[in-house]
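Report on the following structure.
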Amino acid sequence: MKLERVELRRIDIPLSTPFRTSLGLELNRDILLLRADTSEGPGWGECVAMPEPGYSEEYLDGAAEIIRRFLLPAVAALDELTPARAAAAMAAFPGHPMAKATVEMAVMDAWLRARRTSYADHLGAVRTVVDCGVSVGIADTIGLLIAEVSGYVDQGYRRIKLKIEPGWDLEPVRAIRERFPDIALQADANAAYTLADARHLAALDAFDLVMLEQPLGSGDLRDHAALARMLRTPICLDESITSARAATDAIGLGACAIVNIKAGRVGGYLEARRIHDVCVAHSVPVWCGGMLETGLGQAANLALAALPGFTLPADIVPSERYFATDVTAPIRMSEGRIAVPGGPGLGLEPMLEVVEGYTTDVVTVTGFS
Ligand code: NPQ
Ligand code: MG
């Protein structure tokens with residue numbers, strides 16, 4: 001297989017519900033899609049970088065730039081292109097995991113489609129359905145939060161995750177736990193605290209949380225280990241886990257008892273699988289995180305979340321949670337579960353006229369030799 005032509009397409013989709021976190025307020029999703037045309041057919045990738053740096057160093061314009069100028073030429077130089085060879089070629093450039101993951105995802109889609117193999121089978125899935133959890137943004141009032149969460153509980157989600165930050169933590173968590181004594185509940189701080197907040201965060205122990213996700217900075221592994229010794233609530237790391245190597249270090253230091261895996265954050269689905277393998281070897285449960293993806297990104301995440309070590313509900317949701325009209329056929333949830341696509345590649349394809357309607361910019365990259 002050989003890469004022949006690439007389309008970098010920016011789309012803008014309104015969110016069905018605004019999403020506020022310690023990183024900011026999102027009213028819409030500005031997303032980079034990558035269509036890779038190869039000698040064996042097309043494949044699609046989705047970039048999870050946000051318009052501005054915040055969750056991590058990466059941002060959309062920067063991702064598009066490094067893809068176009070550096071990653072695509074390196075991948076196009078390969079005569080026998082495979083997902084693993086694409087990842088190895090891109091490893092010559094340090095950093096930029098979300099940009100690399102976008103290219104790898106599209107190459108893997110094209111390569112698997114041509115081989116009539118699904119993402120799920122290729123990654124080693126053992127499940128046909130995935131348990132779904134929902135991530136709930138910071139609300140304007142406790143009353144509005146209770147109303148929003150009540151809706152999600154009624155829809156059948158198997159876990160509720162509350163975004164927290166200083167000034168919005170103990171009260172919302174207490175309110176939801178009092179209203180829903182039996183739900184699986186967890187909190188995600190997106191690195192909004194420091195170790196000086198340890199005694200305050202220990203008050204979360206009263207609410208029987210499944211985990212506290214990324215309370216401290218992404219580089220603060222030793223502080224997470226110290227915090228873990230002061231809390232009964234298990235610590236889960238998200239932003240800190242940038243590679244299988246980082247997962248090994250975090251587990252060895254006692255910085256986390258649970259790992260959130262996002263392919264975008266770690267450079268692709270192949271590295272995501274290696275993190276899964278490291279965690280399974282250390283008996284550390286993992287779950288599949290989300291970045292408000294379209295159906296394309298969620299299709300790949302469903303395949304990943306079907307691996308054996310993914311024993312906790314994923315941040316994977318029906319399309320309607322994010323978008324009135326997704327770019328794929330709508331992903332549907334039944335009894336808090338979503339089916340893993342079984343068709344070749346991602347098993348879902350974009351509806352081109354819908355994509356066209358959301359498109360704000362297209363750059364075509366050709367001239368690969
Ligand atoms: C997390 N995701 O687990 C991320 C953070 C996050 C579902 O909670 C736009 C795009 C806004 C992606 C805000 C969930 C976002 C985003 C937060 C991801 O930490
Ligand atoms: Mg998180």
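Atoms within each ligand, like the ligands themselves, are counted from 1 in listed order. Keep in mind that this is a model prediction, so the values were computed, not measured.
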What protein heavy atom sits nearest [atom], and how far off is it?
| atom | value |
| --- | --- |
| atom 13 (C) of ligand 1 | Phe19 CE2, 3.5 Å |
| atom 2 (N) of ligand 1 | Gly290 O, 2.8 Å |
| atom 11 (C) of ligand 1 | Glu26 CG, 3.2 Å |
| atom 16 (C) of ligand 1 | Met50 CE, 3.4 Å |
| atom 4 (C) of ligand 1 | Lys262 NZ, 3.3 Å |

Can you tell me how far apart [atom1] ([X]) and [atom2] ([Y]) are? Round to the nearest 0.5 Å.
| X | Y | atom1 | atom2 | answer |
| --- | --- | --- | --- | --- |
| Lys2 | Thr38 | NZ | OG1 | 11.0 Å |
| Ile138 | Arg20 | CD1 | CZ | 5.5 Å |
| Leu8 | Arg35 | CG | CZ | 12.5 Å |

Under 3.5 Å, N or O to N or O, is [X] touching ligand 1 that way?
| X | answer |
| --- | --- |
| Thr21 | no |
| Asn190 | yes |
| Asp188 | yes |

Checklist entry - Does Glu40 reach the side chain of Arg115, with side-chain heavy atoms less than 4.5 Å apart? => result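 Contact flag for Glu40/Arg115 side chains = yes.
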Item to check | Greater than 12 external heavy atoms within 6.0 Å of Tyr59's OH | outcome: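 Open: at most 12 neighbouring heavy atoms sit under 6.0 Å from OH of Tyr59.
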Checklist entry - Do other residues, nucleotides or ligands put more than 12 heavy atoms under 6.0 Å from Glu4 CD? => result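 Yes.
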Checklist entry - Could you walk me through whether Leu204 and Leu231 pass the side-chain contact (heavy atoms from CB on, under 4.5 Å) check? => result CA-CA 8 Å; Leu204 290 170; Leu231 265 59; 5.9 Å; no
Checklist entry - Of all the heavy atoms in Gln214, does at least one lie under 4.0 Å from an atom in ligand 1? => result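 Distance cut 4.0 Å: Gln214 fails for ligand 1.
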Checklist entry - Would you call Gly289 a ligand 1 contact, heavy-atom distance under 4.0 Å? => result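 No, Gly289 has no heavy atoms under 4.0 Å from ligand 1.
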Item to check | Under 4.0 Å to a heavy atom of Glu213 - the qualifying atoms of ligand 1, by number | outcome: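 Listed by number with element: 3 (O).
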Checklist entry - What atoms in ligand 1 come closer than 4.0 Å to a heavy atom of Lys163? => result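 Reading through ligand 1 atom by atom, the close ones are 1 (C), 3 (O), 4 (C), 5 (C), 8 (O), 14 (C), 19 (O).
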Item to check | Asp238 and ligand 1 - part of the residue with a heavy-atom distance under 4.0 Å | outcome: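 For Asp238, the contact with ligand 1 is made by the side chain alone.
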Checklist entry - Hey, is Asp109 close enough to Arg113 for a salt bridge, meaning N to O under 4.0 Å? => result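 Answer for the salt bridge query: yes.
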Is it true that [Y] and [X] share a donor-acceptor pair across their side chains at a distance under 3.5 Å?
| X | Y | value |
| --- | --- | --- |
| Ser240 | Gln214 | yes |
| Tyr269 | Asn301 | yes |
| Tyr55 | Asp238 | yes |

Item to check | N/O/S from Asp238 sitting under 2.8 Å away from the Mg ion (ligand 2) | outcome: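 Checking Asp238: at least one N, O or S atom is under 2.8 Å.
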Next on the checklist: At a threshold of 2.8 Å, where the distance has to be below it, does the Mg ion (ligand 2) have an N, O or S atom of Asp315 nearby?
Outcome noted: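 Given the 2.8 Å cut-off, Asp315 does not count as a ligand of the Mg ion (ligand 2).
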Next on the checklist: As a check for students: among Met291, Lys161, Arg20, identify the option with a heavy atom nearest to atom 3 (O) of ligand 1.
Outcome noted: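 It is Lys161 that holds the nearest heavy atom.
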Checklist entry - With respect to atom 8 (O) of ligand 1, which of Ala191, Cys236, Ser135 exhibits the smallest heavy-atom separation? => result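 Going through Ala191, Cys236, Ser135 one by one, Ser135 has the nearest heavy atom to atom 8 (O) of ligand 1.
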Item to check | Stepwise side-chain contact (heavy atoms from CB on, under 4.5 Å) test for Arg321 and Gln155 | outcome: CA-CA 10 Å; Arg321 158 73 180 111; Gln155 288 161 43; 6.0 Å; no
Item to check | Shortest-distance N/O/S atom, Glu213 versus the Mg ion (ligand 2) | outcome: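 Of all N, O or S atoms belonging to Glu213, OE2 is the one nearest the Mg ion (ligand 2).
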Next on the checklist: Need the atom name: nearest N/O/S atom of Asp188 to the Mg ion (ligand 2).
Outcome noted: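 Answer by atom name: OD2.
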